[in-house]
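Notes to accompany the following structure.
The first residue of the sequence shown is numbered 1, and numbering continues consecutively from there.
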Amino acid sequence: ERGDTALLRFAFGLARQHGAHLTGLQAVTLSPTAMLAMPDAMLVLEEQEQAARGRHDWWRQLCRGHGVEGSWEAHRGLHESVLSRRASLVDLVLGQLSRETARLASGLHPLGRVLSTDAAPMLLVPEHWAGTKGVHKVALAWNGSAEAARAIRAATPLLLRADDIVVLDGVSRIQANARRMPLAVDAWLQRHALRARWEILDEADDNGPSIQARAHECGADLLVMGAWGHSRMSEWLLGG
């Protein structure tokens with residue numbers, strides 16, 4: 001396995017920045033079709049699990065080379081089941097944002113199903129991301145919702161170490177028509193001694209690509225957003 005992927009480079013840089021423990025995790029599984037077609041499927045699973053556990057030394061060497069404390073785990077089971085259960089006792093899940101992950105909002109991608117369990121906040125790294133030194137400039141996509149508030153609260157450790165924070169504020173435009181009073185994130189940021197710049201989003205900016213473009217214009221290397229604003233079934237059927 002290559003140790004120079006964008007995900008791993010970012011993960012090691014973030015772990016160094018925060019003095020964090022980094023756990024590498026591999027789910028060992030076979031598709032239902034393969035399980036039915038292979039008479040010796042359980043033997044294959046056993047061999048794959050042993051091979052996965054054997055990568056422990058590879059991972060330890062990578063961690064040592066990057067100056068990070070880490071551990072390696074391999075568990076048998078479906079990817080989303082293994083990750084969801086293990087995520088229940090971690091502070092942050094790191095995953096790769098690829099073209100395939102574009103299906104994440106629909107709940108059809110394994111990472112999307114893990115995200116919907118609320119087991120832990122999730123940080124997705126683009127497959128061609130060049131950043132290797134952690135998180136220093138952060139954009140907060142803010143619309144006054146509980147989902148956005150939970151995402152910002154979960155990102156607190158990253159915000160405390162950030163050099164620059166910009167709030168992409170969509171509340172000012174929607175406040176007059178809001179059914180509920182938007183939460184006041186400015187007061188929350190002040191109480192945590194977090195200084196932030198504010199940029200107002202207009203109606204044309206109220207979509208994913210525009211928010212991403214604004215974050216890029218701000219020079220942000222992390223975009224914090226809420227997820228799953230509707231019921232899980234609605235998200236699965238209609239998308240997020």
Side-chain angles (χ1 to χ4, degrees), residues 5-29 52 59 63 66 68-98 100-127 129 131 134-135 138-143 145-162 165 183 185 188 192 194 215 220-233 235-236 240:
T5 64
L7 172 59
L8 289 181
R9 290 194 301 269
F10 178 86
F12 287 125
L14 187 66
R16 280 197 307 272
Q17 181 187 19
H18 291 266
H21 184 99
L22 189 62
T23 300
L25 177 67
Q26 181 175 347
V28 181
T29 186
W59 182 255
C63 291
H66 286 275
V68 169
E69 179 185 351
S71 56
W72 176 259
E73 298 180 13
H75 299 282
R76 188 183 303 186
L78 294 176
H79 181 275
E80 54 265 34
S81 298
V82 170
L83 186 53
S84 294
R85 182 172 177 80
R86 189 60 185 86
S88 299
L89 203 59
V90 302
D91 299 309
L92 184 66
V93 174
L94 297 177
Q96 180 172 289
L97 182 64
S98 62
E100 182 187 0
T101 323
R103 296 184 291 117
L104 184 143
S106 70
L108 298 178
H109 190 278
L111 287 177
R113 291 194 288 271
V114 173
L115 180 61
S116 71
T117 66
D118 292 329
M122 185 177 294
L123 194 161
L124 301 177
V125 182
E127 55 187 338
W129 181 248
V135 172
V138 183
L140 309 179
W142 178 243
N143 63 356
S145 69
E147 292 77 23
R150 284 196 295 268
I152 292 174
R153 187 183 63 196
T156 301
L158 304 181
L159 298 177
L160 291 171
R161 295 288 185 93
I165 301 171
L183 299 170
V185 73
W188 184 89
H192 287 78
L194 293 169
D221 49 24
L222 174 66
L223 174 60
V224 177
M225 301 184 69
W228 308 108
H230 305 96
S231 71
R232 301 298 188 263
M233 183 59 69
E235 296 280 359
W236 187 81

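The side-chain contact (heavy atoms from CB on, under 4.5 Å) with V224 is formed by just one residue from the set V135, V138, L123; it is V138.
Contact check for R161 versus L159: no side-chain heavy atoms found under the 4.5 Å cut-off. Residues S71 and H21 form a side-chain contact, since some pair of their non-hydrogen atoms from C-beta on lies under 4.5 Å apart. At a threshold of 4.5 Å between non-hydrogen side-chain atoms, the residues T5 and F10 do not count as touching. In this structure, the side chains of L97 and W129 stay at 4.5 Å or more apart for every pair of heavy atoms. In this structure, V82 and L25 have side chains that are in contact, with non-hydrogen atoms separated by less than 4.5 Å. The shortest side-chain heavy-atom distance between Q96 and V125 does not fall under the 4.5 Å cut-off.
Take R85 and apply the salt bridge (charged side-chain N to carboxylate O under 4.0 Å, His left out) test, not counting sequence neighbours, and it matches no residue.
Note: L7 CG to L124 CG = 9.5 Å, rounded to the nearest 0.5 Å. A distance of 9.5 Å separates CD1 of I165 from CD1 of I152, quoted to the nearest 0.5 Å. Residue Q26 holds its CD atom at 9.5 Å from NE2 of H79, rounded to the nearest 0.5 Å. Atom CG of L158 is separated from atom CD of Q17 by 7.5 Å, given to the nearest 0.5 angstrom. The distance from atom CG of L92 to atom CE of M122, rounded to the nearest 0.5 Å, is 9.0 Å. Once rounded to the nearest 0.5 Å, the distance linking CG of L22 with CZ of R16 reads 10.5 Å.
The two atoms that bring P157 and H18 nearest to each other are O-CE1, 3.2 Å, heavy atoms only. A120 and V93 get closest at one heavy-atom pair: CB-CG2, 4.0 Å. The minimum heavy-atom distance linking V68 with A20 is given by the pair CG1-O, 3.9 Å. Closest heavy-atom contact between D91 and P121: O-CG, 3.2 Å.
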Next on the checklist: Is there a side-chain contact (heavy atoms from CB on, under 4.5 Å) between E73 and T23? Walk through the geometry before answering.
Outcome noted: CA-CA 7 Å; E73 298 180 13; T23 300; 3.9 Å; yes
Item to check | H192 vs T156, side-chain hydrogen bond (donor to acceptor under 3.5 Å, both in side chains): CA-CA, chis, key distance, verdict | outcome: CA-CA 9 Å; H192 287 78; T156 301; 5.3 Å; no
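Using the six-membered ring where Trp is involved, W72 and W59 have ring planes that are tilted, between 30° and 60° apart.
In terms of modelled atom types and a separation under 3.5 Å, the side chain of S81 and the main chain of G77 share no donor-acceptor contact.
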